[in-house]
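FYI, the numbering just counts along the sequence from 1. None of these values were measured; they are calculated from a predicted model.
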Amino acid sequence: MVESNMPAIGIDLGTTHSCVAVWQHGRVEVIPNDHGNRTTPSYVSFTQTHRFTGDAAFNQLITNPCNTIFDAKRLIGREFDDELVQKDMILWPFQVDASPCHGTGKKPVVAVTYKGEQRKFAAIEISAMVLMKMKEVAEAYVGSAVNNAVVTVPAYFNNLQRQATKDAATIAGLSGVRIINEPTASAFAYGLAQKPNGSNVVRRNVLVIDLGGGTFDVALVTFKKNVIRVKSVSGDTHLGGGDFDIRMVRHFSAEFEEKHHKDISRNPRAMARLRAACERAKRNLSSTSIATIEIDCLLEGTDFSSTITRAQFENLNLDLFEECIKHVKKCLKDAKMVKGDVDDVVLVGGSSRIPKVQQLLQDFFCGKELYKSINPDEAVACGAAIYAASLSCFDDNNPRLVDVTPLSIGVKVHLGRMAVVIPRNSPIPTRMEKIFTTSRDYKTRVYIPVHQGETLEASDTNFLCELKFSGIPQAQKHIPRIEVFFKIDADGILHCSAQELMTGNKIRAIAHYHSGRLSRKEVRRMVKDAEKFRVADKQYQEKVKAMNSLETYTQNMETMLECHGAKVGLSERRKMAVAINQTIQWLDQNFVLAEGCKFEDKMIELEGVCGPIITKMLETQNLSMSNNGASGSRAKIEIIELDLD
Ligand code: ADP
Ligand code: MG
């Protein structure tokens, strides 16, 4: 693939982990974060003094459970009253409130205490914070600003969830964002693994299965020359490792209640600790047949200790695992293929490591070996980076993508029926239109409700937006002709408009978006807030650097005084000791609250006292060395010190 000057970045914004990769020097590289980890927890934590993102936020989960936010991807683009949001809320240690917004309905916001104040953040803002972290990780690695990136979403995300993810990227400062489906990105990674030298994969049908922490996606992808064509997708935006953890949490909280007659469900800290222990046990069960849970002082001084076998874990979750197979069947059916047509079943996502999931899949595919040669935690980000590279530089040999829309889009018509305009699995980008008429006489104004989903009853589908259409010439019912245009762009995002055909007048339809969609004003406000956080982050990093330098310098001075104090006079020793002790005391008292510049001032002050005394100590040392026959040269001194060691 030809390389452009701009870094080609791919970001996998996961429910539990995010990952960023770059295409450079003719290969794809996963970028380690500031902790040296190749994936970053999608966590944000708010404390008395600071906001943490990623590993630092994850480390706050047990000590600061009510202000540590995760699973934002399960809230993004959803309404507060959504049945799934209501269910999840019960088990999250943090609080979720309803916030009125410019559309109908209410949007969910997380309520936290930050710097002693109550603050509320929309899921979009939390996701933007995670994206901003990934952007910074990439910038530190490539050494330049990163404004463009390919960000992935579950294939089964609806229009609102996609739009919300794109808004989150804008808030994070990624102005040029392209969206790609997660299993499609994995297909790019598979393509590269098959033909690392850049040639094209020969014709193959590949079923990508992505079972992560919060979502499940299946995609049937065909490879033919340099065209990667998605034939069908299926999945569930609320099925993944988090759900398996919750089943275990319920199992063990019932056991705890039975044993100790205490209910832990109302204690956020106890719930967070049990959940973390269950997640660990679940991962262990992928390689062992029994796992132990041991938590000291889980609730009111009572310890908890128990075990779970792999068979028990599988029983707790069997219906969820079987749900995955149903989606596989649906995906094959939609692609008009049978099991035997599939050349490779590619596993990605952390939860695809679960042996029972693998066994069910293998049984379904009549014992076929599953393809596990790409890293399940990194494939999505790697694929997104490959796609980013193919977008940033045109080359005939670049892989060409044809993706599909996961859900049908249509209009709610008479008697609440759903009239589909764009059927699911239509290749995108696409543009389709349909003509509608009025159901009552002399209507000059209509509202066209746009829905997304698969049922015939529009009320069971997702309401996306409403096109307000006025100025229709007066006529009896069934006479007016209103043509509705739906366009789905390459990011899978819908744009709609309508025109009246009777007179040929093009009346612009105004789309009133569903409450999940942000207004421009809200996005602008969030962009400003995000910038404030970015500045605060930078100041915090500078403060930590200044603080560490001061601490290190103080420790060095203490050592110097101990080892070489005898080489200067008593008053100088005292002066230096007093300055060191004062600095140590000052550090203890101001460790948390002082600003970065105060640490620098303190450093200058300490250097002012210690610097001249140290110089004197070293001069005396050099003198005594030369008196002992050693030359004053630096190399000689080093040799003597090494001999002493
Ligand atoms: P997402 O993309 O949704 O963030 P990931 O693909 O990172 O999710 O997968 C995270 C999930 O995978 C978590 O629920 C984690 O517990 C689960 N997981 C990771 N390793 C294993 C394992 N060895 N066995 C079972 N589950 C695992
Ligand atoms: Mg994932």
Side-chain angles (χ1 to χ4, degrees), residues 77 153 155-163 166 178-181 184 219-222 227-235 330-331 333-336 400-439 446-469 472 478-514 516-517:
V153 294
Y156 231 59
F157 252 19
N158 68 31
N159 194 61
L160 294 163
Q161 292 166 308
R162 277 165 201 275
Q163 183 63 57
K166 209 165 173 181
R178 288 294 305 271
I179 301 282
I180 182 180
N181 292 334
T184 311
L220 195 297
V221 187
T222 64
V227 181
I228 297 178
R229 188 181 297 272
V230 182
K231 302 291 279 186
S232 61
V233 291
S234 186
K330 180 167 169 261
C331 192
K333 194 169 165 220
D334 281 354
K336 299 187 179 58
R400 204 161 65 75
L401 172 66
V402 182
D403 214 330
V404 293
T405 182
L407 295 158
S408 306
I409 291 183
V411 168
K412 179 181 171 184
V413 292
H414 197 44
L415 302 175
R417 271 190 323 108
M418 168 92 164
V420 171
V421 180
I422 303 183
R424 74 165 187 263
N425 292 322
S426 298
I428 56 167
T430 185
R431 185 191 153 97
M432 292 191 197
E433 59 280 315
K434 200 162 193 154
I435 297 170
F436 293 89
T437 185
T438 49
S439 58
V446 288
Y447 287 97
I448 306 169
V450 180
H451 284 246
Q452 186 171 32
E454 300 315 315
T455 55
L456 288 175
E457 290 286 325
S459 55
D460 295 334
T461 59
N462 269 306
F463 167 58
L464 295 182
C465 66
E466 194 164 52
L467 293 173
K468 189 177 168 190
F469 200 78
I472 303 168
H478 301 165
I479 301 286
R481 294 282 177 266
I482 299 151
E483 190 170 33
V484 179
F485 300 94
F486 285 154
K487 187 180 109 187
I488 300 183
D489 64 19
D491 292 334
I493 291 173
L494 175 75
H495 306 264
C496 39
S497 61
Q499 77 168 326
E500 199 278 309
L501 292 181
M502 230 170 49
T503 57
N505 283 348
K506 277 199 178 177
I507 306 168
R508 211 168 71 85
I510 302 164
H512 291 266
Y513 282 98
H514 175 283
R517 175 83 198 267

Which heavy atom of [X] sits nearest to which heavy atom of [Y], and what is that distance?
| X | Y | answer |
| --- | --- | --- |
| A458 | R417 | CB-O, 4.1 Å |
| G77 | L160 | O-CB, 3.8 Å |
| Y156 | V233 | CE1-O, 4.0 Å |
| P480 | T438 | CD-OG1, 3.4 Å |
| A498 | I482 | CB-CG2, 4.3 Å |
| L220 | C331 | N-SG, 3.6 Å |

Can you check whether [X] reaches [Y] side chain to side chain, under 4.5 Å on heavy atoms?
| X | Y | answer |
| --- | --- | --- |
| I179 | K166 | yes |
| V230 | N181 | no |
| V402 | I228 | no |
| V484 | F436 | yes |
| N159 | V450 | no |

Tell me yes or no: between the side chains of N462 and H451, is some donor less than 3.5 Å from an acceptor?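 Distance-only check fails for N462 and H451.
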Strictly by modelled atom types, are T184 and D403 linked by a side-chain donor-acceptor pair under 3.5 Å?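 The answer is yes; a qualifying pair exists.
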Hey, what do you get for [atom1] ([X]) to [atom2] ([Y]), rounding to the nearest 0.5 Å?
| X | Y | atom1 | atom2 | answer |
| --- | --- | --- | --- | --- |
| F485 | E433 | CZ | CD | 5.5 Å |
| I488 | T405 | CD1 | OG1 | 3.5 Å |
| F486 | Q452 | CZ | CD | 10.5 Å |
| L407 | I422 | CG | CD1 | 12.0 Å |
| R400 | R229 | CZ | CZ | 7.0 Å |
| T430 | L494 | OG1 | CG | 11.0 Å |

Exam field: side chain [X] to backbone [Y], donor-acceptor pair closer than 3.5 Å:
| X | Y | answer |
| --- | --- | --- |
| N158 | Q161 | yes |
| S234 | K330 | no |
| K434 | V420 | yes |
| E483 | L501 | no |
| T437 | R481 | no |

Is the closest basic N to carboxylate O distance between D491 and R162 below 4.0 Å?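 R162 and D491: not salt-bridged.
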More than 12 non-hydrogen atoms from neighbouring residues, nucleotides or ligands closer than 6.0 Å to CG on L456, yes or no?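 No, CG of L456 has 12 or fewer neighbouring heavy atoms, counting only those of other groups under 6.0 Å.
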Pairs touching residues 419-431 that satisfy salt bridge (charged side-chain N to carboxylate O under 4.0 Å, His left out), sequence neighbours left out: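 Residue pairs with at least one partner in residues 419-431: D334-R424, R424-E454.
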Steps toward side-chain contact (heavy atoms from CB on, under 4.5 Å) verdict (I448, V411): CA-CA 7 Å; I448 306 169; V411 168; 3.6 Å; yes
What do the steps show when you test S426 against M432 for side-chain contact (heavy atoms from CB on, under 4.5 Å), and what is the final call? CA-CA 10 Å; S426 298; M432 292 191 197; 4.1 Å; yes
Let's go through D489 and I428 carefully: what are the C-alpha distance in whole Å and the side-chain angles of both, what is the deciding distance for side-chain contact (heavy atoms from CB on, under 4.5 Å) to 0.1 Å, and is it a yes or a no? CA-CA 7 Å; D489 64 19; I428 56 167; over 6 Å; no
